[in-house]
2 protein chains.
Amino acid sequence: MSQKNLLHVIIDKRERKLMEVLDRKKDKITYESKQLEIADILISNEVAIERKEGFDFIASIKDNRLFEQLLRLKETYITAILIIEGLNDMVFENTGMNINSILGALSFVSYKLGISVIPTRHLEDTAIVIERIAYREQVKDDMPLLYRSAPKKMSLQERRYFMMESLVDIGPKKARLLIDTFKTPYDAISAIKSTKIKYTRNGNPKGISGIIKQKGLKGFSWKFIKNNQELLFGKINNDKQKIINEVIKT
Amino acid sequence: MSQKNLLHVIIDKRERKLMEVLDRKKDKITYESKQLEIADILISNEVAIERKEGFDFIASIKDNRLFEQLLRLKETYITAILIIEGLNDMVFENTGMNINSILGALSFVSYKLGISVIPTRHLEDTAIVIERIAYREQVKDDMPLLYRSAPKKMSLQERRYFMMESLVDIGPKKARLLIDTFKTPYDAISAIKSTKIKYTRNGNPKGISGIIKQKGLKGFSWKFIKNNQELLFGKINNDKQKIINEVIKT
DNA sequence: CTGTAATCTTTATGA
DNA sequence: TCATAAAGATTACAG
């Protein structure tokens, strides 16, 4: 399998060691070093690789770095590949992390995120994999029998959920509920704006009134309204509001 | 996270050992044993898993069994998963096979065939992976999506900046500028709402008019307004708006 | 990612 | 009707 055409890839500046390994394969593959923002290795405009060493893989699960990086990778390139290097027994055991979490993350990335996971033993293996993939993409490109989903940017809808999650006292569930009910962030925020806190005769807050209540949304109570009105609209004169509520109270 | 719903999978008759392991997880997952022609484990009508132990994985590369099986798997099920079990250094070394061939096959299956490869250490890991995937497919179908782990301990002001950053075509600088100018997210969003896009005589968008323009904020173009109005308020009838803008154009 | 702890909502109950 | 307690969800945090 002689390769007349030299393979060529782009490698992130920080991957010094990988370059050293590739230097020993000069006759087969060349590279250029650039400052890459998203991937570690670029095979083509469509194929990008993120490389993670075993320990860093685990660490990146904890701080959510892994999913952020991989989602960006997937958004940007048609084919996103994750090479996990040296994920051996030792790595699994020498982390205070739950095995379920590690395997769960692995499964999620591979089967739910649709990112190609390739395990290797060490950097030398990784270099081989890179060379193989570059060969397929750049030389043996005559095999188009695979269908891969086009890069998927975050949809508007996802971004709307996303936006509501920057409120306080909220998580994915409530964020979704708000957008699903009110359709747009503006309408959701307007709903919060128009919501009033009800008070008991003794002056204790108890429940809310307004469109959110009317729609029967669960999980939104006076504390949520109070905190988020402050966030969204600034300090509110609660005394004044309280009086009003006394009057309009049903 | 109590699982009221019991997970259920179908396992090929020959996978005796796997069943033994799953028997110890009776409270979480049940299975039925059937004669399966194509896959080893069936999670649903759409998701099927092929399980291969390290040595058999290598052996199946040699005799071409691997690609035959996996291609059939991919043809039959929407999501095809390959669990490679115990592919450790020993397996790599104790086979007369070229390392390049093994890694090449691995790469091919994962990135070119588009099959989800999940490496595990042993059968126990495999059982966990099966349970995790079944859980996602059968219970957690209403995906939490990608949600950003919003920094919970943030001052109100920081959170306002943060909220603006979930707009499109914006970064930390513009987000800050918006809040510093309009004080609250609601006022900032209202400013975007009331902003109009100006058009040239030929009907091409050019510049904006409104409070944002008046305040002299830099970096907010008609594209920014258009994209974020869509995000915040939903589709806008641009034709109608265009006409209005023609009239009010300064 | 997962599992568990902390927190908040809602429902139930008694005064 | 209000206040309190228990039950049920959701979110926060650590690993």
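First the proteins, then the strands, lettered A, B, ... as listed; each starts at 1. Fair warning: this is a prediction, and the values are worked out from it, not measured in the lab.
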Between the side chains of B/D180 and B/Y161, does any donor sit under 3.5 Å from an acceptor?
-> yes

Would you tell me if any nitrogen or oxygen in the side chain of A/N98 comes within less than 4.0 Å of OP1 or OP2 on C/dC1?
-> no

Between A/F224 (CZ) and C/dT7 (C1'), how many Å, whole number?
-> 15 Å

Between C/dC1 and A/N100, is there an OP1 or OP2 to side-chain N/O distance shorter than 4.0 Å?
-> no

Salt-bridged, B/R51 to B/E85, with N to O below 4.0 Å?
-> yes

Looking at C/dT10, D/dG15, D/dC2, which one has an atom nearest to any side-chain atom of A/K218?
-> C/dT10

Taking OP1 and OP2 of D/dA3, is either one under 4.0 Å from a side-chain nitrogen or oxygen of A/N202?
-> yes

Distance, rounded to the nearest Å, where A/F220 contributes CZ and C/dT10 contributes C1' | 14 Å

CD1 of A/I212 versus C1' of C/dT9: gap in Å, rounded?
-> 14 Å

Length of the line joining A/I170:CD1 and D/dA12:P, which is rounded to integer Å | 9 Å

Candidate nucleotides D/dT10, C/dC8, C/dC1, ranked by approach to the side chain of A/F67 - the nearest = C/dC1

At under 4.0 Å, does any side-chain N or O of B/R132 touch on OP1 or OP2 of C/dT2?
-> yes

Report the distance from atom CE of A/M97 to atom P of C/dT2, rounded to the nearest whole Å.
-> 9 Å

With the side chain of A/N204 defined as its heavy atoms from C-beta on, choose the nearest nucleotide among D/dA3, C/dC8, D/dT11.
-> D/dA3

Taking 4.0 angstrom as the limit, do B/R72 and B/E50 come out as a salt bridge?
-> no

Atom CG of A/N64 and atom C1' of D/dG15 are separated, to the nearest Å, by 13 Å

Just compare D/dT11, C/dT10, C/dC1 and give me whichever is closest to any side-chain atom of A/S221.
-> C/dT10

Quick one: label A/K206 by what it contacts on the DNA or RNA (base, sugar-phosphate, nothing), any heavy atom closer than 4.0 Å.
-> nothing

The single option from B/I130, B/I49, B/V117 that satisfies side-chain contact (heavy atoms from CB on, under 4.5 Å) with B/I81 is B/I49

Using a cut-off of 4.0 Å on non-hydrogen atoms, how would the nucleic acid contact of A/K62 be classed: base, sugar-phosphate, or nothing?
-> base

So, A/K174 side chain and A/D169 main chain: donor-acceptor pair closer than 3.5 Å or not?
-> yes

To the nearest angstrom, how far is A/I84 atom CD1 from C/dC1 atom P?
-> 15 Å

For the pair made of CG in A/L167 and C1' in C/dC8, what is the distance, rounded to whole Å?
-> 16 Å

So does A/T200 get a side-chain nitrogen or oxygen closer than 4.0 Å to the phosphate oxygens (OP1/OP2) of D/dA3?
-> yes

